[in-house]
Protein chains: 2
Amino acid sequence: MKVREAMSSPSEVIPIERPTLHMIVVSRIRDMVIEGTLPAGARIHEGQVGEQLGISRTPLREALKVLASEGLVELVPSRGAVVTTLTPKAAQDMLDVLKELEAMAAPLICENASDEEIAEICQLHDKMLGFYATRSRLEYFKLNQQIHSRLISLAGNESLSLVYEILQTRMKRIRFIGDKKEDSWQAAVEDHDKIIEALKSRNGPRLSAAMVEHVTSSWERIKRAL
Amino acid sequence: MKVREAMSSPSEVIPIERPTLHMIVVSRIRDMVIEGTLPAGARIHEGQVGEQLGISRTPLREALKVLASEGLVELVPSRGAVVTTLTPKAAQDMLDVLKELEAMAAPLICENASDEEIAEICQLHDKMLGFYATRSRLEYFKLNQQIHSRLISLAGNESLSLVYEILQTRMKRIRFIGDKKEDSWQAAVEDHDKIIEALKSRNGPRLSAAMVEHVTSSWERIKRAL
DNA sequence: ATGAAGAATTCTGAATTCAGAATGTAGTTC
DNA sequence: GAACTACATTCTGAATTCAGAATTCTTCAT
């Protein structure tokens, strides 16, 4: 009681993070799938993988249930978990939905985002350009994803962010293989410049177009790289 | 091997359902949340609820992890699961996304659905009218949800169905309380007639408009009932 | 040598058990 | 009388254990 009253403001209070083991495992396995350590079609052996991570089967099993509901793995009764394979059609479908969501988000972002939030995005973008300059591909990739998620969240619609995040996660492992070639990467960076520009000027339609265009051209680049 | 070859066609093969306990528990608890047995804000006591369902804590815990990733419950570390409360703003946001998804689905449905599939929807619709006639509210509600899901799936985009399903599930517990009053219910039935009509004539724009209108007016009815 | 049947092993599904964190209560002190 | 501390209880997080299903390997018959 006393402690709570002593705090200056609720917004400053950041609860200490104390993730449970299964949450750590969820993101760990997500990374393994994205990076290809667990390739599509691979069976996840509870005993084996659990031992690798140095944990018992229980938290691993709980993590697999979550990943299954996210669609990254499939649970076959009494046969365990298998990493789902992403067919070109499935990827195309996902991108179609993502485009729709981005198109929906753009005007909301321009309307609802504060100047500070936009400035923050620009800052992240500059940082990302730094990674591009030094060709730090993994860092670039991770920050890139973060910027996109952050951008969508500026629309101020939780549900929109939620479904975007789900599809984004599913796409990650494909996205990562794209932009490998120098010219593809450069094209992606140029796409981003347009998005940032539209965001700065709060031009809804242009932002919408730029974001959709970015998704479309990303996909083209990925298909070429396959 | 032999068995697989002996089967006439892959599409005919329906694997026998043998759901694991945790899957049963997932849908069971979903129902409990939707029906209000577990009201918003209620803490789910692992030992207690587990005993009620006659199962051990393990499958219950696994189910809770899944429900958490669906957003129906929230997991507070070392304090357990709490049924999430749905604020009006959150509901509004959800509906905005649902509208977008339905608008996206409509033209795809008109394009991709086969005549048989459309006929099937009409059949379900007639069956639902039967439930309306006898005022079987729960059956009506369940079939209604099924028709909507089925309709979206006709767009032939798995991802679209997936995210629709997720949001739909979250909305269920609110939807259920709507259409309680006779005139609201009747209005909903009229909305449906328009949807069916547009579907039969494969008129994309009109189907889109009808579906979006249905979502919008449903929400109005729900708000009045609150 | 090949194929089938049956036993043995392996792996998953679920229950039980153990350890640690949180909450609630009683007692003590100022 | 109020507040703080120490203890007891309760509940979650995670490991271990047990049972049943699936796979693999062996053996036998053709």
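Just so we're on the same page: letters track the sequence lines, and every chain starts at 1.
Within the cation-pi definition used here (under 6.0 Å to the ring centroid, within 45° of the axis), Arg135(A) qualifies as a partner of Tyr132(A).
Comparing the start and finish of the helix from dA1(C)-dT30(D) to dC30(C)-dG1(D), five pairs each, the helix axis swings through 10°, to the nearest 10 degrees.
Here Thr84(A) pairs with Arg173(A) under the side chain to side chain donor-acceptor pair (under 3.5 Å) rule; sequence neighbours left out. The side chain to side chain donor-acceptor pair (under 3.5 Å) check on Lys223(A) picks up nothing, with sequence neighbours excluded. Residues that satisfy the side chain to side chain contact (heavy atoms under 4.5 Å, CB included) test with Ala105(B), not counting sequence neighbours, are Ile109(B), Ile152(B), Ala155(B), Leu160(B). Legend: residues meeting salt bridge (Lys or Arg N to Asp or Glu O under 4.0 Å) with Arg57(A), ordered by chain and number and at least two apart, are Glu46(A).
For the atom pair Leu167(A) CG and Glu70(A) CD, the distance stands at 11.0 Å (nearest 0.5 Å).
A donor-acceptor pair shorter than 3.5 Å cannot be found between the side chains of Ser161(B) and Ser153(B).
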Can you give one letter per nucleotide of nucleotides 10-17 of chain C, 5' to 3': B if a protein heavy atom sits under 4.0 Å from the base, S if only from the sugar-phosphate, - if neither? -SBBSBBB
